Each structure stands twice: as C-alpha cells, then as structure tokens.
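Written out below as structure tokens is the structure these notes cover.
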Number of protein chains: 2
Amino acid sequence: MSEAVWRVLADRGFGQLTLRAVAAEMGASTGMLTHYFPAKRDLVRYAHAVAEERTLAALYRELDVTGLAALRAYLLDVLSLTPEATAMNRVWVSFWDAAIGDPELAATETARYERWRGKLRPHVVAAIEQGEIPADRDVEDIVASAAALTHGLVVQALFDPDRFPPDRQTRLIDDYLRTLTCP
Amino acid sequence: MSEAVWRVLADRGFGQLTLRAVAAEMGASTGMLTHYFPAKRDLVRYAHAVAEERTLAALYRELDVTGLAALRAYLLDVLSLTPEATAMNRVWVSFWDAAIGDPELAATETARYERWRGKLRPHVVAAIEQGEIPADRDVEDIVASAAALTHGLVVQALFDPDRFPPDRQTRLIDDYLRTLTCP
DNA sequence: ACCTCCGTACCAAACGTTTGTTATGTACCA
DNA sequence: TGGTACATAACAAACGTTTGGTACGGAGGT
C-alpha cells in the first residue's frame, strides 16, 4: 500500500495523487481505497506520512561525527545527490503547493520544518562548543540559514541539474560551512 | 485580462488556475477565454508571463548603490517582506509544482533562474572589485548560494511567517552578506 | 447611400473525461 | 449471524474543449 502511494507520489507529485491512480498502481479498485480512506483528505494525510517516513529513514541514522561535520552530513542527506533524493525532493516541492492551499497541510509543513531545524540545532550548538563557530553567533539563525541554503539549492538543482551536479551542491554547502567558522 | 489572471493566481495558485475561475473573475464566459487561448496550455503560458512581468517590474528599478549593497537590495526585493511579495512568492512556489510535471514550464523556470542569477552576478563582481569580498571566491558559486539562501528563506517564511517576520528575514540576509566579507 | 459579405469578438450550452464520493452486492471468516 | 474486506457501478461536480449562434464593424460593389 505505502509502496503504491509512494510510486504515484514519486512520478506524479502530490497534485496528481488520485484515488484511481493509487488503485491502479496496486491493481485494486477505488472501493478498496475508500474502505481504508473514507475521504481523499485521509489519503493525502497518509501519503504525507509515507513521504515523511521515507525522509526520516535517512535522517535518523547514527553518526560517528559531531559539530560541523554532523551538520554537514545532515544537510547532504537532503540535497539531490542521488536519483532517489531527487525524487524525494520533487515530492516535497509538489507538497509545498498542496500545503499552500490547505491550512491543515500547511500546519504539518510548519511542524516538519521545525522538526528538521530541531534535528540540526544540537550540532550547531556542539560546533560552537567545540569552537568551530564563533560563540557570538545566534544558534537559531544559523540553523535557519543552513536549512534555507539547503532547500534553495534543492530547488535550483531540481530545475537545473546540469548546472547543479552533486559535486557542486556539496561544494556550495562546504563553502557555506567554511564561512561559518570565521568571526 | 492580466488583472483577472493575476487575481486568480494570487489567491488560488497555479494549480487552481482554471478557465472558469478566470472567466468568472472578469465576468465573462469560458468561450471568450478559449477565443484568446485555444488551449489551457496557452492560458498557463500567459499566466506565467503575467507573473514574470510583475516580478521584473520590481527588479528592474535603478539602484544608486553598487556591490554588496546592491546585491542586498535585490535579495530583499525577493523576500516576503510585504503582503504583496508574499503573494508573489506563493504564486512562484505553486508554479514550481506545475513546472515539475511539465517540461516546457520547467525550461522556462530554468531560464528564469538563470536570468535572476544574471541580475545578481554583476554586483558580486563589483563587490569583489571593491574589495568587499575576497578575490579568491568563485563568483558563480556566490551568486548561486545567495539565490539559494534567499529562496530557502522564502519557503520557510511562507510556512512559518511568525517565526520569520520581515526583520528576521532581513537580518538573516545581512548575516549571510557579512560572512561573505571574511576571508 | 445602401446592401452584401466576412472576419472578429463574444455568449450560452453542451460534450466527454476525470475527479471524489456513495450505494449495492458478495465473498469470507469468526 | 454479523462484521470485515473487498468489487462493481453509479453519482454529482469540475474540468478542458467544442459547437452553434449572435452582434458588430469595416471592405467592396452597386
């Protein structure tokens, strides 16, 4: 079930997530879907959960590094460095559109962002404690700008993969992290 | 005509840009629209042009500053600092979704990004010549990261306006520009 | 000046498709 | 016997598109 939803999501996006498309993808009927999802809204919620689960799967792995190196690892996880990551990012960008028009989805996206920043925050704190980042910098602002730069690169890479190959995306993140170290 | 299209775009987004919605917005019939736009695709193209025109209107004003200050001014133009700018950004984010599924729209978005970066580039060059940015930094990378940070802030501000009020968005851009000045 | 013709600019209505949703029926298992 | 897990089919609504028709205004002939 989650497989079928993900396949529809990955190659058509959130806007084209339709009951019949999912049903066809799993060789079933729309009646079966309405049995599990009384309304379309429920299917969208489930699809959102599926996408988030796939995202977090990569995010919750253990790291053997701390501070800036850990921050770097988490940011690279989000970039479109592999075809799978690119598909993931396409899904999330399409979700942004859906969320703009739906207050409930917008709220979940707000929460997702805060969760992501919460994941990055301790490593910024550690980087400051380890002296990798000047202590007078604001933690919350660094987290927000790191997230911003990363998602900004994601969007540009989505529309211009030739100009933003994996090694350049990585280099841009590294350049950014380097500027964090200077006072 | 362009007024009606813009109104629909602004409060429903690209995904909900429909012939009937535009027709209703200008108190006309769908037949009239198909007279001017033989196919939906043509209406979408026109809507894209309308949105771009509104964007460029703000972008092509003359500046009495150069270098980093000019770069700052252009980046601030894009941020969601006013309700109008917020509406504009909602439209463009919704356009990203439409562009993901349509190669032709994707190509126009690729071009739009390159045009935007082209607008920023000379000011980065000037900043380097004026010694505001170390000469060993890559111009193209700085332009790309500035665009990325800005659009990343736009998206976060769209879903969390409380956490990203205008003054914080501005501060985050200023912090970024400050890190550019250090070697 | 008048009439005819024709293209432009629309409207109203309908068409076929796709969408979410609902109703009815059926197999199966406890 | 009754509830769960489906399939089939139909439904109304919304969509892009097509059709048939009306109004008008300028061009050309008489």
Side-chain angles (χ1 to χ4, degrees), chain A residues 1-51 90-91 93-109, chain B residues 1-51 90-91 93-109:
Chain A
M1 174 92 95
S2 76
E3 262 304 318
V5 168
W6 175 251
R7 274 197 299 270
V8 172
L9 233 45
D11 65 65
R12 302 197 220 184
F14 254 95
Q16 307 285 345
L17 177 73
T18 181
L19 290 171
R20 282 170 177 79
V22 174
E25 194 71 38
M26 49 190 293
S29 68
T30 70
M32 190 222 85
L33 277 179
T34 60
H35 179 68
Y36 290 101
F37 308 109
K40 170 75 180 291
R41 172 175 299 272
D42 302 311
L43 173 62
V44 173
R45 267 201 282 259
Y46 177 75
H48 179 263
V50 167
R90 257 204 309 265
V91 169
V93 171
S94 78
F95 178 70
W96 287 343
D97 181 39
I100 282 179
D102 183 332
E104 182 182 336
L105 293 182
T108 68
E109 183 64 7
Chain B
M1 174 90 96
S2 75
E3 263 304 318
V5 168
W6 175 251
R7 275 197 297 270
V8 173
L9 233 44
D11 65 63
R12 302 198 219 184
F14 254 96
Q16 307 284 345
L17 177 73
T18 181
L19 290 171
R20 281 172 175 80
V22 175
E25 195 70 38
M26 48 190 294
S29 69
T30 69
M32 191 222 85
L33 278 179
T34 61
H35 179 68
Y36 290 100
F37 309 108
K40 169 74 178 290
R41 170 174 300 270
D42 302 310
L43 173 62
V44 173
R45 268 201 282 257
Y46 177 75
H48 178 263
V50 168
R90 258 204 308 266
V91 169
V93 171
S94 77
F95 178 71
W96 287 344
D97 180 40
I100 282 178
D102 184 331
E104 182 183 336
L105 293 183
T108 69
E109 183 62 7

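Computed from a predicted model, the values in this text were never measured in an experiment. Each chain gets a letter, A, B and so on, in the order its sequence line appears, and its residues count up from 1.
- Atom OH in B:Tyr36 sits about 8 Å away from atom C1' in C:dC10, given to the nearest Å.
- Between the CD1 atom in B:Ile100 and the CD atom in B:Glu109 there is a gap of 10.0 Å [rounded to 0.5 Å].
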I need a per-nucleotide contact map over nucleotides 17-23 of chain C, read 5' to 3'. Cutoff is protein heavy atoms under 4.0 Å; write B for the base, S for backbone only, - otherwise.
--BBBB-
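- The shortest non-hydrogen separation linking A:Leu19 to A:Leu33 is O-CD1, 3.0 Å.
- Going from atom CE of A:Met1 over to atom CG of A:Leu43 covers 8.5 Å, rounded to the nearest 0.5 Å.
- Regarding contacts with the backbone of D:dC6, every side-chain N or O of A:His35 stays at 4.0 angstrom or more from both OP1 and OP2.
- Not counting sequence neighbours, B:Arg20 has no partner by the salt bridge (Lys or Arg N to Asp or Glu O under 4.0 Å) test.
- Taken from NZ in B:Lys40 to CG in B:Leu17, the straight-line distance is 6.0 Å, to the nearest 0.5 Å.
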